[in-house]
Trainee: 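Supplied in structure tokens, the structure appears directly below.
No experiment lies behind these values; they were computed from the predicted model shown. Quick note: residue numbers are just sequence positions, from 1.
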Amino acid sequence: MRLFPSLRCLFPERCTRKMAIYAIGDLQGCYDELIRLLDTIAFNEHNDQLWFVGDLVNRGPKSLETLRFIKSLGDSAVAVLGNHDLHLLAAACSVPSNNKKEALKQVLIAPDRDELIDWLRHRPLFHYNEHFCMVHAGIPPQWDFDQTQKMAQVVATALQGKDYKSLLKTMYGDKPDIWSPLLRGTSRLRFIINCFTRMRYCNKEGRLDFNFNGAPGSQPDNLMPWFTVPGRKIFDRKVVFGHWSSLGFYEGNNCYAIDTGCLWGGQLTALRLSEQVERFSLDCSRFKMG
Ligand SMILES: [Mn+2]
């Protein structure tokens, strides 16, 4: 059963519009805004695919509905894991973290909690097609496409394996803060997770900094947004990412940033990924009133 039959094409054989892929920005439980945005773009689940940049849950009002809905879309939706999605997985295993989890409770006490958590645990950290790739936060400047794909797979394998709870227990922490091919074990896993799900700024050598999360231009002199580091190796695909609401919509350096702060009363962004990228925005301010 689909939750929203109005989103379906009732006569799939008549739905001849060319397949479209839309990347959708950080939701953080903003389910009503998502449904409204999908109406705006006339999303057709038989024909279109949605790429979610992660942080589906936490902070916002409807994490449970958001997860259920995206899971119900099956192959019509792809979601990469964000830091808040990992918080939910950690909370489900009772791993202590500094993150407040009030908004996650509705998921943790839901009758279908186990299916939802299991589904989330099997989401990737990196997704791509011929022209675009997607992560939640960033890709270290030292990694080319093959390396990025391989590193995402290392974490996915650990997260989907029997011992995933020990990964969730050891993933928190800011070190190591720079890539080395010599990294092994939990240090390597933590570094990969921090890049894909938390990174914003680094120095010109690619050393990560987690102390600063403001808009570019306001950062200390030695730091730069990860996507502006000279010599960044992924240049064969455009990178779509979220996680950085103070950056807002950004297009440049072969990247698209699409966390436009829906949760904070900003906008929810959908980006049609095609030769001519098209941007759709839903104003979320009125959802926050009353
Ligand atoms: Mn995030």
Side-chain angles (χ1 to χ4, degrees), residues 19 21-26 49-56 70 74-83 85-86 89 119-161 163-164 167-168 170-171 176-200 202 205-208 225-244 253-259 271 273-275 277:
M19 184 219 179
I21 298 175
Y22 296 94
I24 311 276
D26 304 41
Q49 193 177 45
L50 302 176
W51 288 18
F52 292 94
V53 294
D55 279 359
L56 307 180
I70 295 173
D75 292 341
S76 305
V78 175
V80 291
L81 290 167
N83 50 321
D85 306 313
L86 291 174
L89 294 178
W119 174 82
L120 192 62
R121 191 161 66 82
H122 287 80
R123 295 311 96 203
L125 289 100
F126 177 63
H127 182 71
Y128 63 91
N129 67 13
E130 207 186 328
H131 303 291
F132 295 91
C133 61
M134 170 176 73
V135 292
H136 177 62
I139 299 172
Q142 305 94 328
W143 294 355
D144 62 10
F145 177 79
D146 287 343
Q147 177 82 354
T148 303
Q149 201 186 3
K150 206 168 114 193
M151 293 299 99
Q153 195 51 49
V154 166
V155 173
T157 302
L159 199 54
Q160 292 164 22
D163 204 21
Y164 71 93
L167 170 64
L168 295 170
T170 54
M171 73 177 172
D177 57 6
I178 190 157
W179 169 246
S180 158
L182 301 175
L183 290 178
R184 293 287 179 269
T186 52
S187 307
R188 182 165 78 148
L189 290 165
R190 193 183 305 117
F191 180 81
I192 301 168
I193 288 175
N194 280 340
C195 291
F196 283 137
T197 71
R198 295 179 61 210
M199 174 162 65
R200 290 188 185 93
C202 56
E205 282 85 42
R207 188 177 294 276
L208 310 182
W226 64 266
F227 48 85
T228 65
V229 172
R232 190 168 64 82
K233 280 198 178 163
I234 280 211
F235 248 92
D236 44 1
R237 283 170 177 81
K238 294 187 159 114
V239 184
V240 180
F241 66 98
H243 183 63
W244 198 341
N253 291 83
N254 227 22
C255 290
Y256 292 94
I258 61 168
D259 180 2
L271 213 58
L273 303 181
S274 53
E275 219 168 309
V277 168

Trainee: Please report the interatomic distance CZ(R190) to OG1(T186), rounded to the nearest 0.5 Å.
Mentor: 5.5 Å

Trainee: Report yes if the side chains of V53 and V240 come closer than 4.5 Å at any heavy-atom pair, otherwise no.
Mentor: yes

Trainee: Over all heavy atoms of both residues, which pair between A79 and R123 is shortest? Give the atoms and the distance, please.
Mentor: O-CB, 3.4 Å

Trainee: Can you tell me how far SG of C195 sits from CH2 of W143, rounded to the nearest 0.5 angstrom?
Mentor: 5.0 Å

Trainee: Counting C-beta onward and ignoring hydrogens, is there a side-chain heavy-atom pair between I139 and F241 closer than 4.5 Å?
Mentor: no

Trainee: Looking only at atom types and distance, does a side-chain atom of D26 sit under 3.5 Å from a main-chain N or O of H243, one as donor and one as acceptor?
Mentor: yes

Trainee: So how far is it from H136 NE2 to I193 CD1, rounded to the nearest 0.5 Å?
Mentor: 13.0 Å

Trainee: Is there a side-chain contact between N129 and L273 (heavy atoms, below 4.5 Å)?
Mentor: no

Trainee: Could you pull out the closest heavy-atom pair between N83 and R198, with the gap in Å?
Mentor: CB-CG, 4.1 Å

Trainee: For residues M199 and G138, report the shortest heavy-atom separation together with the two atoms involved.
Mentor: CE-C, 3.3 Å

Trainee: Considering all heavy atoms of both residues, which atom of A158 and which atom of L167 are nearest to each other, and what is their separation?
Mentor: CB-CD2, 3.9 Å

Trainee: Less than 4.5 Å apart, any side-chain heavy atom of H131 and any of K238?
Mentor: no

Trainee: Are F126 and F145 near enough that their ring centres are under 6.0 Å apart?
Mentor: yes

Trainee: With sequence neighbours excluded, tell me which residues meet salt bridge (charged side-chain N to carboxylate O under 4.0 Å, His left out) with D144.
Mentor: none

Trainee: Between R121 and L159, is there a donor-acceptor pair closer than 3.5 Å when you use the side chain of the first and the backbone of the second?
Mentor: yes

Trainee: Any idea which heavy atoms bring M151 and R188 closest together, and the distance?
Mentor: CE-NH1, 3.9 Å

Trainee: Tell me every residue that passes side chain to side chain contact (heavy atoms under 4.5 Å, CB included) with Q153, counting only those two or more places apart in sequence or in another chain.
Mentor: A156, T157

Trainee: If we only count heavy atoms from C-beta on, is the L125 to V135 side-chain gap below 4.5 Å?
Mentor: no

Trainee: Decide yes or no on side-chain contact (heavy atoms from CB on, under 4.5 Å) for Y128 and I234, but give the supporting numbers first.
Mentor: CA-CA 12 Å; Y128 63 91; I234 280 211; over 6 Å; no

Trainee: Does a side-chain heavy-atom distance below 4.5 Å link N254 with R232?
Mentor: yes

Trainee: Roughly how far, to the nearest 0.5 Å, is CG of D85 from CZ of F52?
Mentor: 11.5 Å

Trainee: Under a 4.5 Å cut-off applied to non-hydrogen side-chain atoms, are F196 and L81 in contact?
Mentor: no

Trainee: Roughly how far apart are L168 CG and L86 CG, rounded to 0.5 Å?
Mentor: 7.0 Å

Trainee: Any chance you could measure Q142, atom CD, to C202, atom SG, to the nearest 0.5 Å?
Mentor: 7.5 Å

Trainee: Check whether any side-chain heavy atom of L189 sits under 4.5 Å from a side-chain heavy atom of T170, and report yes or no.
Mentor: no

Trainee: At their closest point, which heavy atom of F132 faces which heavy atom of S274, and how far apart are they?
Mentor: CZ-O, 3.7 Å

